[in-house]
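Only one structure is covered here, and it is reproduced in the block below.
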Amino acid sequence: MAKLISGKEVSAKVRAQVREECEGLKAKGICPGLAVIIVGNDPASRVYVNNKKKACAEVGFVSEEYALPEETTQEELLELIRTLNNKPEINGILCQLPLPAHLDEKEVINAIDPIKDVDAFHPSNVGRIMIGDYHFLPCTPAGVMEMIHNENIDVSGKNCVVIGRSNIVGKPMAMLLLHENGTVTICHSRTKNLKEICACADILVAAVGRPKFVTADMVKPGAVVLDVGINRDENGKLCGDVDFENVEPKASYITPVPGGVGPMTIAMLMKNTLMAAKLQANA
Ligand code: L34
């Protein structure tokens with residue numbers, strides 16, 4: 001039986017720390033502000049953005065939502081980002097992804113002032129992570145690391161396998177594990193012997209985006225299993241990339257979906273926004 005790592009609990013701890021620090025900043029006249037941009041009507045994005053606004057209120061930040069219609073043009077979106085870059089009360093800018101297909105995500109990310117880039121998606125922040133000299137970590141991988149730290153799991157020297165190589169999760173996840181001296185393997189759709197490689201992992205991070213992709217035969221007994229996926233199963237129920245029911249008995253630690261990495265992503269966003277406010281105030 002695995003120990004469940006509750007994202008609800010660990011994220012509440014992080015938010016409590018942020019809230020406390022935020023009170024300290026407010027006493028100095030600094031109030032962190034986050035702008036969240038959402039374009040179109042994706043129902044999942046709506047849920048996530050609502051959760052982000054809720055978290056802002058809980059930790060004491062000001063949040064502004066910019067809900068733009070599906071037909072928004074690239075130029076309109078870039079213009080909003082430029083305005084927010086120059087707005088002193090806004091310390092963090094987040095444009096919820098994915099964007100509608102007619103918009104250019106890369107150009108949007110590049111337009112955000114790196115010091116307000118609380119997603120850490122801008123190439124300058126990505127580069128800083130690569131060399132280990134950063135202010136912001138991407139929220140989802142940072143949330144996974146926070147869960148690992150909270151359980152005092154030592155990464156050093158362990159076989160770490162990340163399934164998925166996205167710029168947002170897989171690649172930075174591998175880098176953060178490497179920074180803690182893990183021996184890291186990144187697997188993806190072209191990987192040969194995926195099963196065998198995963199079965200060697202002491203720490204297995206699933207970020208594939210396919211429901212129940214990680215089955216029990218891919219998991220080493222006693223492995224730490226972190227599930228980044230948020231999918232809907234055949235009954236429309238939320239589920240992760242891990243076949244939880246069958247993997248759980250084999251793992252030493254496992255994260256649930258929902259209530260796992262998702263809430264951590266939001267807690268780390270609060271941490272980044274606090275950091276942004278401090279950097280911009282030189283506090
Ligand atoms: N720009 N776009 C940008 N930044 C991000 O960090 C994200 N991400 C991902 C999608 N697009 C983004 C998120 O915010 C995924 N993500 C995210 C955030 C929150 C939750 C899930 C994904 C979350 O709150 N999950 C809950 C359940 C939500 C539900 O009921 O559907 C959970 O318990 O997992």
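Start at 1 and go down the list; that is how both ligands and their atoms are numbered.
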Do we see a donor-acceptor contact under 3.5 Å between the side chains of Arg46 and Asn50?
yes
Roughly how far apart are Ile131 CD1 and His179 NE2, rounded to 0.5 Å?
9.0 Å
Under 3.5 Å side-chain donor-acceptor pair for Gln74 and Asp104:
no
Say whether Asp217 and Thr215, considering side chains only, have a donor N or O and an acceptor N or O under 3.5 Å apart.
yes
Check this for me, if you would: do Glu23 and Arg19 make a salt bridge, where the nitrogen-to-carboxylate-oxygen distance has to be below 4.0 angstrom?
yes
Residues Glu79, Arg82: salt bridge by 4.0 Å N-O rule
yes
Pick out the protein N or O atoms lying less than 3.5 Å from any N or O of ligand 1, and list each pair with its distance.
residue	atom	partner	partner atom	Å
ligand 1	1 (N)	Cys95	O	2.9
ligand 1	1 (N)	Asp119	OD2	2.7
ligand 1	2 (N)	Leu97	N	3.0
ligand 1	4 (N)	Asp119	OD1	2.9
ligand 1	4 (N)	Asp119	OD2	3.3
ligand 1	11 (N)	Gln96	NE2	3.2
ligand 1	11 (N)	Leu97	O	2.8
ligand 1	14 (O)	Lys52	NZ	2.7
ligand 1	24 (O)	Asn51	ND2	2.9
ligand 1	33 (O)	Gly259	N	2.6

